[in-house]
Amino acid sequence: MLIKLDPGIERPESREFSFDPVALVAAERARYLRAVLVIVKGYLASSDRLDLPPLASFADWSRMVREPLVWLGVADPAGLIETAREGDSALQALRAVLAYLEQAFGPEQFSVGDVIGLISHADNEPALWGKRPALSEEDRGEFRELLLNVAGRSGNVNGRRLSIWLTRSEGRIIGGRKLEKGERDNHAKVFRWRIAKA
């Protein structure tokens, strides 16, 4: 469940409350449980069954919690998953990095050094790998800024940090593609990477 707490004051930690919500619920536990069970029982007795598609491994939760809430007119709790994904800055960064990597390298393998070389060269400098990279100068600038956010150090993209970030991101499926390790370059003692279809 997503929540946003806005106390409307500069220092919310200094607030004082006239009651203890945990103590209140503990003291009135039976009343709260009864209310919850009435909702579930009302839904199960109703002819307005929703049969929402359950989330993987959460069929019981979907039937006993999610469906009664939606039946009452509450927004579908499962719908908040997409909202949370849209607000996930790490996920958005990975989505953008994968898109740039796929645009630049296609299905070919690349190293961290290749990526750093890609964002470091201007259009008038010699092409990498004997061909012109498939990123415009503007795209390379945007890609560089993105990589600085995930693996920057002292104003530069740090190869070690980028390698760690790629390793953490390995296998996560986004938009039908994922990052995976390719062959190990024993001469350079580094792994190569590729964008693969999921």
Side-chain angles (χ1 to χ4, degrees), residues 1-103 107 142-143 145-147 149-151 161-182 193-198:
M1 300 291 281
L2 287 179
I3 61 169
K4 182 176 181 179
L5 297 176
D6 181 6
I9 60 173
E10 184 178 349
R11 299 192 53 203
E13 73 279 5
S14 65
R15 289 180 299 170
E16 293 184 13
F17 296 97
S18 59
F19 69 98
D20 179 350
V22 175
L24 175 66
V25 170
E28 299 287 334
R29 183 175 185 271
R31 187 165 66 92
Y32 284 106
L33 284 175
R34 191 177 316 111
V36 169
L37 293 174
V38 164
I39 293 169
V40 175
K41 186 175 180 181
Y43 170 69
L44 294 175
S46 167
S47 60
D48 301 329
R49 298 303 296 273
L50 298 176
D51 295 321
L52 298 173
L55 300 173
S57 302
F58 290 92
D60 290 340
W61 173 84
S62 187
R63 187 170 50 88
M64 302 300 283
V65 177
R66 179 182 173 208
E67 288 181 10
L69 288 172
V70 174
W71 175 71
L72 279 178
V74 175
D76 185 354
L80 295 173
I81 293 171
E82 272 314 304
T83 304
R85 287 176 65 87
E86 290 168 10
D88 182 346
S89 59
L91 178 66
Q92 297 308 321
L94 178 57
R95 183 185 313 276
V97 168
L98 290 182
Y100 278 121
L101 290 173
E102 186 174 48
Q103 183 181 345
E142 290 176 7
F143 190 28
E145 289 301 315
L146 182 62
L147 291 178
N149 287 331
V150 299
R161 284 187 177 193
L162 181 56
S163 181
I164 291 168
W165 187 84
L166 291 172
T167 300
R168 286 186 190 147
S169 303
E170 182 184 11
R172 187 161 183 193
I173 298 171
I174 298 177
R177 59 189 186 269
K178 64 182 178 177
L179 180 68
E180 65 181 24
K181 276 187 181 164
W193 298 89
R194 67 174 160 251
I195 305 300
K197 290 186 177 177

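Heavy-atom minimum distance, Ser46 versus Trp71: OG-NE1, 3.4 Å. The two residues Pro53 and Ser62 come nearest to each other via the heavy atoms O-OG, 4.5 Å. The minimum heavy-atom distance between Val22 and Asp20, with the atom names listed, is N-OD1, 3.1 Å. Between Pro77 and Arg66 the shortest heavy-atom distance is CD-CG, 4.0 Å. The shortest non-hydrogen separation linking Leu24 to Tyr32 is CD2-OH, 4.0 Å. Considering every non-hydrogen atom in both Ala59 and Pro54, the closest pair reads CA-CB, 3.7 Å.
Rounding to the nearest 0.5 angstrom, the gap separating the CG atom in Leu101 from the CZ atom in Phe143 is 4.0 Å. Between the CG atom of Leu98 and the CZ atom of Arg172 there is a distance of 10.0 Å, given to the nearest 0.5 Å. Atoms CG and CZ, on Asp51 and Arg63 in that order, are 10.0 Å from each other to the nearest 0.5 Å. Taken from CD1 in Ile174 to CG in Leu91, the straight-line distance is 4.5 Å, to the nearest 0.5 Å. To the nearest 0.5 Å, atoms CD (Gln92) and CZ (Arg95) are separated by 5.0 Å. Rounded to the nearest 0.5 angstrom, Glu67 CD and Trp61 CH2 are separated by 10.0 Å.
Between Trp193 and Thr167, some side-chain heavy-atom pair lies under the 4.5 Å cut-off.
Other residues, nucleotides and ligands place more than 12 heavy atoms under 6.0 Å from the CD atom of Glu13. Counting non-hydrogen atoms of other residues, nucleotides and ligands closer than 6.0 Å to CZ of Arg49 gives a total above 12. Shown here is Phe58, whose CZ atom has no more than 12 heavy atoms of other residues, nucleotides or ligands within 6.0 Å. Around atom NZ of Lys181, more than 12 heavy atoms belonging to other residues, nucleotides or ligands sit under 6.0 Å away. Atom CZ of Arg15 is surrounded by more than 12 heavy atoms from other residues, nucleotides or ligands within 6.0 Å.
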Item checked: Full working for side chain to side chain contact (heavy atoms under 4.5 Å, CB included) between Leu94 and Trp165 -> CA-CA 10 Å; Leu94 178 57; Trp165 187 84; 3.6 Å; yes
Checklist entry - Can you list the steps and then say if Met64 with Leu44 is a side chain to side chain contact (heavy atoms under 4.5 Å, CB included)? => result CA-CA 9 Å; Met64 302 300 283; Leu44 294 175; 3.9 Å; yes
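Put simply, the side chain of Tyr100 never gets that close to the backbone of Glu142: no donor and acceptor are under 3.5 Å apart.
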